[in-house]
Amino acid sequence: MTPFNAKGTGSPTQNLFDAMLMKGRSAVVDAIRLLKGRWKILQNLDVGINHVPQTIVACCVLHNLCQIAREPEPVMGKELDEIGPAVRILEREKSLYYQGQNLRHALADDLHERLSSAR
């Protein structure tokens, strides 16, 4: 998902949504970084398109076994770029893009309402 505004200059609803999105995204990026640090094959995934899902699952299972055995986590060196290139919207995908924007707004409003009423 795309944040509304990374600079925090949106509405309170949008800023709350962005903060929660970034918190969740941070956990996902950390998990991917850990997996890529432990299993170098995940850095390029040069295994053929048909074997990518099985390779990822195998690395996750092996990682869980390492966690159970209390193996030390890999020392993380340079930052891995998880963001990737900027997204380019193709003409045939614009309707999906706008549906995604509408869904993001609805999620932000719902999150804001739920957290506001919990206070």
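All values derive from a computational prediction rather than experimental measurement. Nothing fancy with the numbering, it's 1 onward along the sequence.
- Within 6.0 Å of CD on Q101 lie more than 12 heavy atoms contributed by other residues, nucleotides or ligands.
- Separating the CG atom in D18 from the CE atom in M20 is a distance of 11.5 Å, to the nearest 0.5 Å.
- Rounding to the nearest 0.5 Å gives a distance of 10.0 Å between CZ of R25 and OG1 of T2.
- The number of heavy-atom neighbours closer than 6.0 Å to CD1 of I41, taken from other residues, nucleotides and ligands shown, is 12 or below.
- Other residues, nucleotides and ligands contribute more than 12 heavy atoms inside 6.0 Å of the CG atom of N64.
- Between G10 and Q14, the shortest heavy-atom contact is CA-OE1, 3.4 Å.
- For K7, the NZ atom counts as loosely surrounded, since its 6.0 Å shell holds 12 or fewer non-hydrogen atoms of other residues, nucleotides or ligands.
- The OG1 atom of T55 lies 6.5 Å from the CG atom of L45; values are rounded to the nearest 0.5 Å.
- Counting all heavy atoms, side chain and backbone alike, L35 lies closest to C59 at CD2-O, 4.1 Å.
- For the pair R104 (side chain) and M1 (backbone), a donor-acceptor distance under 3.5 Å is absent.
- Clustering ILVMFWY residues whenever any of their side-chain heavy atoms sit less than 4.5 angstrom apart, transitively, puts I32 in a cluster other than the one holding I56.
- A continuous path of Ile, Leu, Val, Met, Phe, Trp and Tyr side chains, each step under 4.5 Å between heavy atoms, connects L42 with L65, placing both in one hydrophobic cluster.
- The two residues R38 and E73 have their closest heavy-atom pair at NH2-CA, 3.5 Å.
- Across all non-hydrogen atoms, the minimal contact from C66 to W39 is SG-CZ2, 4.1 Å.
- Note: L107 CG to T13 OG1 = 12.5 Å, rounded to the nearest 0.5 Å.
- The ring of F4 has its center closer than 6.0 angstrom to the ring center of H105.
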